[in-house]
Amino acid sequence: MVDRLANSEANTRRISIVENCFGAAGQPLTIPGRVLIGEGVLTKLCRKKPKARQFFLFNDILVYGNIVIQKKKYNKQHIIPLENVTIDSIQDEGDLRNGWLIKTPTKSFAVYAATATEKSEWMNHINKCVSDLLSKSGKTPSNEHAAVWVPDSEATVCMRCQKAKFTPVNRRHHCRKCGFVVCGPCSEKRFLLPSQSSKPVRICDFCYDLLSTGEMAACQSTRSDSYSQSPKSSLNDVSDDDDDEDSSD
């Protein structure tokens with residue numbers, strides 16, 4: 001069906017509409033062979049709190065952005081090549097249900113659908129697109145992925161030293177290797193993680209020691225288990241930044 005839709009006028013028109021919704025700031029999305037599989041609103045677990053984001057699934061990429069005007073305008077476009085994506089289901093618990101992890105070498109995060117049926121459809125379609133891409137290219141699935149950041153609200157004290165309390169002065173930081181929320185003194189070092197940045201990035205002392213001694217496997221974090229529990233959202237946070245995890249801290 002995808003091959004049949006690839007060069008159809010209806011598909012070209014649908015992709016053009018998505019492009020226009022992102023405006024001049026968005027990247028062009030129309031290329032030969034690209035098909036828009038589906039779209040919908042998912043709740044993305046950001047650093048500060050869960051936020052609604054508009055997602056578009058194509059046969060080769062996943063695109064999402066801020067909702068400015070429902071079905072008419074989006075901004076802060078993010079494009080994720082599906083070839084590098086792996087997904088893992090998250091157990092239901094608390095207010096956030098029907099979730100799964102979207103993991104890539106550069107960025108990983110949790111999303112939640114409105115219903116179990118919607119979750120199943122999204123996961124099935126994503127897995128099918130990834131499988132088809134890998135089959136055509138002959139590549140193997142990616143076994144490296146960035147850590148999923150622990151939301152700020154889950155940590156009142158540093159997750160490494162277990163002593164430093166977070167305040168407006170003593171700010172939270174995130175280790176780019178394990179995703180833990182840590183204090184400044186516990187994350188003063190930087191290390192080059194080529195899949196995430198061309199420059200050395202902030203990591204905690206624990207991960208730095210492991211990486212420096214070559215024990216990278218021990219430092220690799222699998223965040224799936226930690227997301228079997230629902231994070232507590234901060235109701236006082238009014239930040240509307242698209243991806244708080246993209247900040248420098």
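Excluded from the calculations below are hydrogen atoms, water molecules and symmetry mates; all remaining heavy atoms, backbone and side chain alike, are included.
In the hydrophobic cluster analysis, where Ile, Leu, Val, Met, Phe, Trp and Tyr join through side-chain heavy atoms closer than 4.5 angstrom, Ile87 is grouped together with Val111. When the side chains of ILVMFWY residues are joined at heavy-atom separations under 4.5 Å, either directly or via intervening members, Ile61 and Ile102 end up in two distinct hydrophobic clusters. Ile15 is not connected to Leu62 by any chain of hydrophobic side-chain contacts under 4.5 Å among Ile, Leu, Val, Met, Phe, Trp and Tyr, and they are in different clusters. In the hydrophobic clustering of ILVMFWY residues, with side-chain heavy atoms under 4.5 Å counting as a link, Val35 and Val130 come out together. Using a 4.5 Å cut-off between side-chain heavy atoms of Ile, Leu, Val, Met, Phe, Trp and Tyr, with links allowed through other members, Val201 and Leu211 fall into the same hydrophobic cluster.
Here the straight-line distance linking atom CZ of Arg14 with atom CZ of Phe58 works out to 8.5 Å at 0.5 Å rounding. Taking CG from Leu101 and CZ from Phe109, the interatomic distance works out to 10.0 Å, rounded to the nearest 0.5 Å. For the atom pair NZ (Lys107) and CH2 (Trp149), the distance works out to 8.0 Å, reported to the nearest 0.5 Å. In this structure, Lys49 NZ and Arg47 CZ are separated by 14.5 Å, a value rounded to the nearest 0.5 Å. Rounded to the nearest 0.5 angstrom, Leu193 CG and Ile203 CD1 are separated by 6.5 Å. Separation of atoms CG (Leu192) and OG (Ser197) is listed at 7.5 Å; rounding is to 0.5 Å.
Judged by the 6.0 Å distance and 45° axis criteria, Lys177 is not positioned over the aromatic ring of Phe191.
Considering all non-hydrogen atoms of both residues, Leu42 and Glu118 come closest at CD2-OE2, 3.9 Å. When all heavy atoms are compared, the tightest approach of Ala110 to Ile90 is CB-CD1, 3.8 Å. Between Cys158 and Cys183 the shortest heavy-atom distance is SG-N, 3.4 Å. Across Arg172 and Ala155, no two heavy atoms sit closer than the pair NH2-O, 2.9 Å. Among all heavy-atom pairs drawn from Met159 and Gln162, the shortest one is O-NE2, 3.0 Å. Nearest heavy-atom pair, Leu36 versus Asn11, reported as atom, atom and distance to 0.1 Å: N-OD1, 3.0 Å.
Side-chain N or O atoms of Ser120 include none that pairs as donor or acceptor with a backbone N or O of Ala116 at under 3.5 Å. No side-chain donor-acceptor contact under 3.5 Å links Asp152 to the backbone of Lys48. One N or O on the side chain of Ser108 and one on the backbone of Ala146 form a donor-acceptor pair closer than 3.5 Å. Under a 3.5 Å cut-off, the side chain of His174 and the backbone N or O of Val150 do form a donor-acceptor pair. No donor-acceptor distance shorter than 3.5 angstrom exists from the side chain of Asp209 to the backbone of Cys204, with no hydrogens or angles considered. Judged by distance alone, the side chain of Ser131 and the main-chain N or O of Asn127 form no donor-acceptor pair under 3.5 Å. When atom types are taken as modelled, the side chain of Ser137 and the backbone of Leu133 share a donor-acceptor pair closer than 3.5 angstrom. Judged by distance alone, with hydrogens and angles left aside, the side-chain atoms of Arg53 form no donor-acceptor pair with the main-chain N or O of Lys44 at under 3.5 Å. Gln70 contributes no side-chain N or O that, together with a main-chain N or O of Ile67, makes up a donor-acceptor pair within less than 3.5 Å.
Inspection of the Thr117 and Thr115 side chains reveals no N or O donor paired with an N or O acceptor under 3.5 Å. Checking Ser89 against Lys119 by side-chain atom types alone, a donor-acceptor pair falls below 3.5 Å.
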With a cut-off of 3.5 Å and sequence neighbours excluded, list every side-chain donor-acceptor pair involving residues 16-29.
{"from": "Glu19", "atom 1": "OE2", "to": "Leu29", "atom 2": "N", "distance (Å)": "2.5"}
{"from": "Glu19", "atom 1": "OE2", "to": "Thr30", "atom 2": "N", "distance (Å)": "2.7"}
{"from": "Glu19", "atom 1": "OE2", "to": "Thr30", "atom 2": "OG1", "distance (Å)": "3.1"}
{"from": "Asn20", "atom 1": "ND2", "to": "Ser16", "atom 2": "O", "distance (Å)": "3.2"}

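With a 6.0 Å radius and a threshold of 12 heavy atoms from other residues, nucleotides or ligands, Glu9 has its CD atom at or below the threshold.
Within the 4.5 Å cutoff, the side chain of Arg34 has heavy atoms near those of the Asp60 side chain. Ile37 places a side-chain heavy atom less than 4.5 Å from the side chain of His125. The shortest distance between side-chain heavy atoms of Tyr208 and Arg190 does not fall below 4.5 Å. Between Asp88 and Trp100, every side-chain heavy-atom pair lies at or beyond the 4.5 Å cut-off.
Here the options are Arg202, His173, Arg160, the test is side-chain hydrogen bond (donor to acceptor under 3.5 Å, both in side chains), and the partner is Ser187; only Arg202 passes.
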* Could you walk me through whether Thr140 and Leu134 pass side-chain contact (heavy atoms from CB on, under 4.5 Å), step by step? => CA-CA 6 Å; Thr140 56; Leu134 294 176; over 6 Å; no

* Criterion side-chain contact (heavy atoms from CB on, under 4.5 Å) on His78 and Val63, from CA distance to verdict -> CA-CA 6 Å; His78 294 260; Val63 179; over 6 Å; no

* Kindly indicate, with the supporting measurements, whether the criterion side-chain contact (heavy atoms from CB on, under 4.5 Å) is fulfilled by Lys189 and Asp205. => CA-CA 7 Å; Lys189 297 181 176 67; Asp205 291 348; 3.7 Å; yes

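Taking a cutoff of 4.0 Å between a charged side-chain nitrogen and a carboxylate oxygen, Asp132 and Lys128 qualify as a salt bridge. Under 4.0 Å is where a charged nitrogen must lie from a carboxylate oxygen, and between Glu39 and Lys71 at least one such pair does.
Residues satisfying the salt bridge (Lys or Arg N to Asp or Glu O under 4.0 Å) criterion with Arg97, sequence neighbours excluded, are Asp92. For Phe55, the ring pair (Phe, Tyr, Trp, His ring centres under 6.0 Å) partners at least two apart in sequence or on another chain are Tyr64.
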